[in-house]
2 protein chains.
Amino acid sequence: MTRPVKSKNKEDILDLAIPLFAQSGYTGVSMRDIASAVGIKAASLYHHFPDKQTLYLQAMARAFEDKAQGFATALTVTGTPEKRLAGFVQIFTTLMCKDPEFRALLQRELLDGDEVRLKKIASEVFREPFVAMEALADELAPGCDAHMVAISIASLILYHLETAPIRRYLPGGKARHNKPEVISRHVTGLLLHGLKGCGK
Amino acid sequence: MTRPVKSKNKEDILDLAIPLFAQSGYTGVSMRDIASAVGIKAASLYHHFPDKQTLYLQAMARAFEDKAQGFATALTVTGTPEKRLAGFVQIFTTLMCKDPEFRALLQRELLDGDEVRLKKIASEVFREPFVAMEALADELAPGCDAHMVAISIASLILYHLETAPIRRYLPGGKARHNKPEVISRHVTGLLLHGLKGCGK
DNA sequence: AAAAGACTACCTAACGTTCGTTAGGTTACA
DNA sequence: TGTAACCTAACGAACGTTAGGTAGTCTTTT
């Protein structure tokens with residue numbers, strides 16, 4: 001039995017584990033599943049990680065890390081507040097569209113995540129873009145509740161993507177409703193002008 | 001034909017299983033867990049249900065049934081389109097606030113639900129209120145994409161609730177942001193007037 | 001430069017536990 | 001007496017995890 005030429009390291013394993021956890025959740029993925037995806041035996045995973053929970057936490061950390069940086073680019077847009085909002089929404093939507101794994105992991109964390117993990121995600125991934133969104137909200141609608149506005153912006157974008165599986169079966173559901181440019185245009189219009197703004 | 005007073009029937013078991021499934025998901029709840037909640041042994045569950053999956057599906061069906069009816073009351077509001085929207089948002093928000101179990105189950109279905117179940121939920125639970133929302137959207141913003149508007153309305157309400165666990169750790173998060181009247185006022189303002197409408 | 005030792009990354013085999021599920025017996029009420 | 005509702009006991013499978021072994025690779029010593 002010849003051994004593989006190149007040994008696996010932690011990062012390789014985590015990168016292969018992330019999509020599994022995203023698709024089936026913590027309890028839905030066994031150590032044997034992960035090992036099989038990596039191409040080794042389950043017992044060998046314990047050479048790299050002390051237990052499953054640690055592996056999972058490190059996979060989550062890896063999946064979420066660098067995400068904050070991605071969001072930062074969505075905040076580089078300059079110009080009028082309206083233009084900056086439109087730019088942010090567009091970039092954020094495109095980013096989220098391209099990363100179903102991230103969305104699934106986030107959803108799972110919102111359902112099952114413990115306080116420690118949620119706190120970590122909040123401060124390390126979302127805090128910076130969230131603050132920028134709040135500042136933008138305060139410019140566009142002074143005196144409003146910036147926190148609620150920021151959540152609303154994220155809601156509009158993310159829920160259109162989250163509900164994709166069921167929207168297919170709801171009246172009026174079309175394939176184009178999943179396209180980032182369609183979503184971002186709708187959301188921008190709605191945010192800037194209310195319901196009257198999303199018809200154009 | 002008449003059951004002994006002390007005996008459990010299917011409905012009792014399902015009602016006790018629903019919150020367990022809502023909290024921990026299908027794989028996170030064992031037959032022994034359910035039996036323990038009911039006050040019987042796991043083997044006895046097989047007197048009422050052929051297997052775990054059937055029990056789960058019937059629990060889901062029960063959790064979602066009569067929900068459509070609850071939504072119907074949110075559509076009884078009359079008056080100007082603006083007033084009807086405000087009324088619908090308020091009632092729908094209050095309804096969702098009171099039912100974290102339903103929200104959790106819906107979220108889990110969006111993540112893990114197969115096509116058949118999603119189709120069933122779409123047609124039996126959401127179709128009717130969704131059509132009404134679309135009609136309302138068409139009145140308020142003729143020519144708009146009613147499907148997207150309806151999703152946006154639901155997004156705004158549900159995501160404010162879904163993100164409650166993480167909003168605590170995001171800047172500006174306050175306890176009142178989880179109150180139905182605060183959410184519905186914010187959402188109504190945003191929908192009718194855009195960002196400028198949620199400051200007042 | 002070669003041998004000896006240590007280390008890394010994997011293996012096979014198995015452990016104890018929990019799981020869904022089944023078989024067959026018991027009890028209480030019609 | 002029949003049947004519905006429950007029980008105890010146990011099955012096999014899958015799970016996370018551990019023990020102990022092996023084959024290459026790197027490091028040190030002679």
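It should be emphasised that the depicted structure is a prediction, and the values quoted were computed from it without experimental measurement. To find a chain, count down the sequence lines: A is the first, B the second, and so on, and within it residues start at 1.
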message = Under 4.0 Å, counting only non-hydrogen atoms across every strand here, what does A:Val38 touch: a base, just sugar-phosphate, or nothing?
response =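 Nothing: the residue A:Val38, judged by heavy atoms under 4.0 Å, touches no strand.
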
query: At under 4.0 Å between heavy atoms, what does A:Ser30 touch on the DNA or RNA strands: base, sugar-phosphate, or nothing?
result: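 If one applies the 4.0 Å heavy-atom cut-off, A:Ser30 turns out to touch the sugar-phosphate alone, with no base involved.
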
Nearest listed nucleotide, side chain of [X], among [options]:
{"X": "A:Met31", "options": "C:dT12, D:dG16, C:dT22", "answer": "D:dG16"}
{"X": "B:Lys52", "options": "C:dC11, D:dT17, C:dG20", "answer": "C:dG20"}
{"X": "A:His47", "options": "C:dT8, C:dT21, C:dC11", "answer": "C:dT8"}
{"X": "A:Ala42", "options": "D:dT17, C:dT21, D:dC7", "answer": "D:dT17"}

ask   = Which residues satisfy the ring pair (Phe, Tyr, Trp, His ring centres under 6.0 Å) test with A:His48, sequence neighbours excluded?
value =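 Result, ring pair (Phe, Tyr, Trp, His ring centres under 6.0 Å) vs A:His48: none returned.
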
What is the separation between atom [atom1] on [X] and atom [atom2] on [N], rounded to the nearest whole Å?
{"X": "B:Ile13", "N": "D:dA5", "atom1": "CD1", "atom2": "P", "value": "9 Å"}
{"X": "B:Leu45", "N": "C:dC19", "atom1": "CG", "atom2": "P", "value": "13 Å"}
{"X": "A:Lys41", "N": "D:dG21", "atom1": "NZ", "atom2": "P", "value": "20 Å"}
{"X": "A:Asp33", "N": "D:dC15", "atom1": "CG", "atom2": "P", "value": "6 Å"}
{"X": "B:Tyr46", "N": "D:dC11", "atom1": "OH", "atom2": "C1'", "value": "13 Å"}
{"X": "B:Asn9", "N": "D:dA5", "atom1": "CG", "atom2": "P", "value": "9 Å"}
{"X": "A:Ile34", "N": "D:dT17", "atom1": "CD1", "atom2": "C1'", "value": "14 Å"}
{"X": "B:Leu55", "N": "C:dG20", "atom1": "CG", "atom2": "C1'", "value": "12 Å"}

Please report, to 0.1 Å, the donor-acceptor pairs under 3.5 Å made by any side chain of residues 131-143 of chain A, with sequence neighbours excluded.
unit_1	atom_1	unit_2	atom_2	d
A:Glu139	OE1	A:Arg84	NH1	3.4
A:Glu139	OE2	A:Arg84	NH1	3.1
A:Glu139	OE2	A:Arg84	NH2	3.1

Original post:
Distance check: side-chain N/O of A:Ser44 vs OP1/OP2 of C:dC11, anything under 4.0 Å?
Top reply: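 Yes, because at least one side-chain N or O of A:Ser44 sits under 4.0 Å from OP1 or OP2 of C:dC11.
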
Given C:dT8, is OP1 or OP2 found less than 4.0 Å from the side-chain N or O atoms of A:His48?
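It does not, given that no N or O in the side chain of A:His48 lies less than 4.0 Å from OP1 or OP2 of C:dT8.
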
Shorter than 3.5 Å, N or O on both sides, protein versus nucleotides 13-17 of chain C: list them out with atom names.
none

Inset, instruction - Scan for ring pair (Phe, Tyr, Trp, His ring centres under 6.0 Å) pairs involving residues 17-41 of chain A, sequence neighbours excluded, and state none if there are none. - result: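 Listed once each, the pairs are A:Phe21-A:Tyr56, A:Tyr26-A:Tyr56.
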
Exercise. Does the pair B:Asp112/B:Arg117 count as a salt bridge with the N-to-O cut at 4.0 Å?
Worked result: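 Answer for the salt bridge query: no.
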
Parallel under 30°, tilted from 30 to 60°, perpendicular over 60°: which one fits the rings of A:His177 and B:His147?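 Parallel: the ring planes of A:His177 and B:His147 meet at under 30°.
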
Quiz: residues 118-129 of chain B side-chain donor-acceptor pairs under 3.5 angstrom, not counting sequence neighbours:
unit_1	atom_1	unit_2	atom_2	d
B:Ser123	OG	B:Lys119	O	3.2
B:Ser123	OG	B:Lys120	O	3.3

Return the set of residues passing side-chain hydrogen bond (donor to acceptor under 3.5 Å, both in side chains) with B:Asp12 (not counting sequence neighbours), or none when no residue passes.
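So B:Asp12 forms no side-chain hydrogen bond (donor to acceptor under 3.5 Å, both in side chains) with any residue.
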
